[in-house]
Amino acid sequence: MSEFVTRFAPSPTGYLHLGHACSAFHVWDAARAANGRVLLRIEDIDQTRCRPEYEAAILEDLRWLGLDWDGPVRRQSDHFDDYEATITDLRMRGLVYRCFRTRREIAAAMPAGARPDEWGFTGRPLPASEEEKRLARGEAFAWRLSLAAARDALGPRYEQLGYIDESDGTPRRVAADPAPFGDVVLGRKETPASYHLACCHDDALQGVTHVIRGEDIREMTSVHALLQALMDWPQPVYRFHPLILGPDGKKLSKRAGDRGLRAWRDEGKTPDDLRRMTGLS
Ligand code: GLU
């Protein structure tokens, strides 16, 4: 049997809640069924929102759930140099540019009715002299992946972008369409990596063969397929699990969904109770 390596990759921006537990159960169940390994990765690149006490709580909560990981924990904030090197590589190939537009400017340029987190901004690099002036003034910027340049670089491979989706047990190839996301941010002046970049970099580096994630990240997987093609990174197989439902099959209320696992634990719930609450038996 070929090796099966998956991962659980929470961000320590708060306590793990039932949504995380649901993902974690899916990840560990799959690894157990395949006699594979689970890696634990702490996705703490956004240092303004992540806190060490939440990281410690994640490890504690997973242990309480009876979910043990293999090998050392990878903490992304320890590896900013690796992500920066990837951006430099893409820059050297003309695939990434500095975008100085502020969030407010981008919001103002959006078509009426568009939502900021769903609108795919596309831009272009500034002339070198203008860029120098702004850098000298210390202006903030984002490193954006140019969709147009990526399309040119990949040629016919762009149209064939896709990945294997194994959500229903049968592997099938699905097409990826990164276009709606526009020129995604891969890093910022003050944070040298975005989620997309760090996640795909680490999945490749850590030899992850299967990514098991919620349905809410399905669309974004198109962006990941694009990055994998540009960087020639090996591509994992993907499984998307349904988002958490209450025991009645309905979407959980905001309160129940947000409540930390430790609050349920302190109330006397067991890990098996939580399994049931996430809709798993
Ligand atoms: N840190 C991401 C999250 O917590 C990981 C998701 C993924 O790439 O599977 O949503």
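In listed order, ligands and their atoms are each counted from 1. We number each residue from 1, following the sequence as shown.
Side-chain contact check for Arg49 and Ser11: no donor-acceptor pair (N or O, by modelled atom type) lies under 3.5 Å. A donor-acceptor contact closer than 3.5 angstrom is absent between the side chains of Thr270 and Asp272.
The protein non-hydrogen atom at the shortest distance from atom 3 (C) of ligand 1 is Ala9 O, 3.8 Å. Here the heavy atom of the protein found nearest to atom 9 (O) of ligand 1 is Arg7 NH1, 2.9 Å. For atom 10 (O) of ligand 1, the closest heavy atom belonging to the protein is Ile217 CD1, 4.0 Å. Ranking the protein heavy atoms by distance from atom 8 (O) of ligand 1 puts Tyr195 OH, 2.7 Å first.
Numbered from 1 in the order shown, with element, the atoms of ligand 1 that lie under 4.0 Å from a heavy atom of Arg213 read 7 (C), 8 (O), 9 (O). Near Glu43, meaning under 4.0 Å from one of its heavy atoms, ligand 1 places the atoms 1 (N), 2 (C), 5 (C). Which parts of ligand 1 touch Cys199 is read off a 4.0 Å heavy-atom cut-off, strictly below it: atoms 8 (O).
The main-chain N or O of Pro127 is never found under 3.5 Å from a side-chain atom of Glu130 such that the two would form a donor-acceptor pair. For the pair Thr209 (side chain) and Val5 (backbone), a donor-acceptor distance under 3.5 Å is present. Judged by distance alone, the side chain of Arg144 and the main-chain N or O of Asp183 form a donor-acceptor pair under 3.5 Å.
For Glu131 and Arg134, the salt-bridge test fails: no basic side-chain N is under 4.0 Å from an acidic carboxylate O.
With a heavy-atom cut-off of 4.0 Å, Met220 does not touch ligand 1 at all.
Residue contact check for ligand 1: His20 places no non-hydrogen atom closer than 4.0 Å to it.
Within the structure, the ring-ring contact (aromatic ring centres under 6.0 Å, His included) test picks out the following pairs touching residues 72-106 (sequence neighbours left out): Tyr83-His201, Phe100-Phe141.
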